[in-house]
Protein chains: 2
Amino acid sequence: MGEITPQAAAALPGGEPAVALADPGPGRRQRKKQLTRDALIEAAMELFAAKGYDRTAVHEITDAVDVSERTFFRYFASKEDLVLSFVRDGATAFAEALAARPPQEEPLTAARQAFQASLRRLPGDTGDVASYLSVMELIDSTPALLAAYLRYIHDHDHEIIRVLAEREGVDPATDRRPRVLAAMIGALVFLANRDWRAGGDPSAEAMSAAFDAYAGEVTSALSGHWPAR
Amino acid sequence: MGEITPQAAAALPGGEPAVALADPGPGRRQRKKQLTRDALIEAAMELFAAKGYDRTAVHEITDAVDVSERTFFRYFASKEDLVLSFVRDGATAFAEALAARPPQEEPLTAARQAFQASLRRLPGDTGDVASYLSVMELIDSTPALLAAYLRYIHDHDHEIIRVLAEREGVDPATDRRPRVLAAMIGALVFLANRDWRAGGDPSAEAMSAAFDAYAGEVTSALSGHWPAR
DNA sequence: TTGTCAGATGTCATTAGATGACATTATGTG
DNA sequence: CACATAATGTCATCTAATGACATCTGACAA
């Protein structure tokens, strides 16, 4: 558990920090910032994995990277925000992937395909599903993070809604269908995700299977008077 | 904005506090505790309404009731927890109402009826919908509360799932349908709630209409290739 | 190269939420 | 009344977060 100087820290979830960091100071300066950011994320995730999110203080993270505590909060709006940086990247990738699906595809199929596609372009092009799963695991097992995660999803629903409305050529302001569908997709991805993780098989096929298992039950679930299993 | 002594404070959302408060010291002691709890809730909600949740410090609440700050945290696990006490009561009432619906009823209809029924038995038998709406308004407009709310719903999904599974006579551990349905109901109630509030009509009919407007679109939304409006 | 400006970081102070430890007061009971 | 215990107060401490201001460092032009 050595120090993680900004010089270390490989390619980590990029994306803009939640706290706007002014405009791109050209060249080296910008690179240093990225290194610091990456180092903070790496150190934090290591500590979270080792001792848990709640039992890791911000100063422990900044000590490991050798920056001041204040600097941490210049990169991340909060401790939660650091973890959410992964979620932001994932949500963005998902929204883009969904927008790229052919409109004639059934909505839930499109969602599943989009989710798979988004997994492949997560960290550094490597389909590093393992790290995604571990982050989700961390979130799911940490009340504070779960709350922040759910709120993030809630707050950014509108992006998915917009994409869905566009796919179908309706107005999201007046048509309730994209809202309903977005909520359903969110729930299904969430449920499938958990089963997927619990299954222990990180393959894309396992993810598909988990998603389809839920998607296939939706209509039946809604109708009631369920046929026995 | 005067003091709210424990002697004031009418019947407020009861239920057990999140922090277990040992067993029922009989008689007066218990009554005093309830009064203090009610006074804290009343003072807090008044301050939240006046200055907003974030800008209200715990010591302001305890000052108004004239107890120590430490005492607050003996009654409520956190500042959020106080607001969630309303949500807890509501969720419990909803779960009970849902369990009471006839099993042959369509699930979404049962959910709507249960929600209406739960509204009627909220504060002190008076169908005081206005206070429910204002609490939801507060939650919805306060990021920290919204996150806590969403997590609460998430954490207590299993109660609804259990009721649904029982209604239909299936095993919630192996059957995905109650899980899917619970998620859908949660989403629909949430969406309908917002439209209902936005509509400005606090009547039960308006609530029903908002719910049905969403429920009626679910099947269509899922199928895709939406017919134009 | 050097001087200047701006962006990035460090330092310090402060607020607020939350929790543990322990003393004090109040209440129920024999 | 006296005792046991529950409820509360007091005090100390931790952590997250934020504002203010000083300092350092990379960017860039003369």
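Here is how names work: the chains are called A, B, and so on, in the same order as the sequence lines, proteins then strands, and each is numbered from 1.
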Exercise. Given B:Phe190 and A:His154, is the ring-ring contact (aromatic ring centres under 6.0 Å, His included) satisfied, shown in steps?
Worked result: CA-CA 11 Å; B:Phe190 190 84; A:His154 169 275; 5.5 Å; yes

Exercise. Can you find a side-chain donor-acceptor pair between B:Tyr132 and B:Asn193 that sits under 3.5 Å?
Worked result: yes

Seminar exercise, completed: Atom CZ of B:Arg29 and atom P of C:dT27 are separated, to the nearest Å, by 8 Å

For this session: Over all heavy atoms of both residues, which pair between A:Ala97 and A:Ser118 is shortest? Give the atoms and the distance, please.
Result: CB-N, 4.3 Å

Exercise. Quick one: do A:Asp38 and A:Lys33 make a salt bridge, cutoff under 4.0 Å?
Worked result: no

Exercise. Is the CD atom of B:Glu60 crowded by more than 12 outside heavy atoms at less than 6.0 Å?
Worked result: yes

Seminar exercise, completed: Protein-proximity profile, nucleotides 11-24 of chain C, B/S/- by nucleotide at the 4.0 Å heavy-atom cutoff, equals B-----SBBBB---

Problem set entry | Protein-nucleotide distance (B:Arg37, atom CZ; D:dT8, atom P), rounded to Å | 12 Å

Exercise. When you measure from the side chain of A:Lys33, which nucleotide among D:dA27, C:dT9, D:dA7 comes out closest?
Worked result: C:dT9

Exercise. Does D:dA7 have OP1 or OP2 sitting under 4.0 Å from an N or O in the side chain of B:Tyr75?
Worked result: no

For this session: Please state whether the phosphate of D:dA7, meaning OP1 or OP2, lies under 4.0 angstrom from any side-chain nitrogen or oxygen of B:Lys32.
Result: no

Exercise. Just by distance, with hydrogens left out, do B:Tyr214 and A:Arg179 show a side-chain donor and acceptor under 3.5 Å apart?
Worked result: yes

Seminar exercise, completed: Taken to the nearest whole Å, CG/A:Asp63 to C1'/C:dG10 is 14 Å

For this session: Give the rounded distance in Å between these two atoms: CG of B:Asp66 and P of D:dA7.
Result: 19 Å

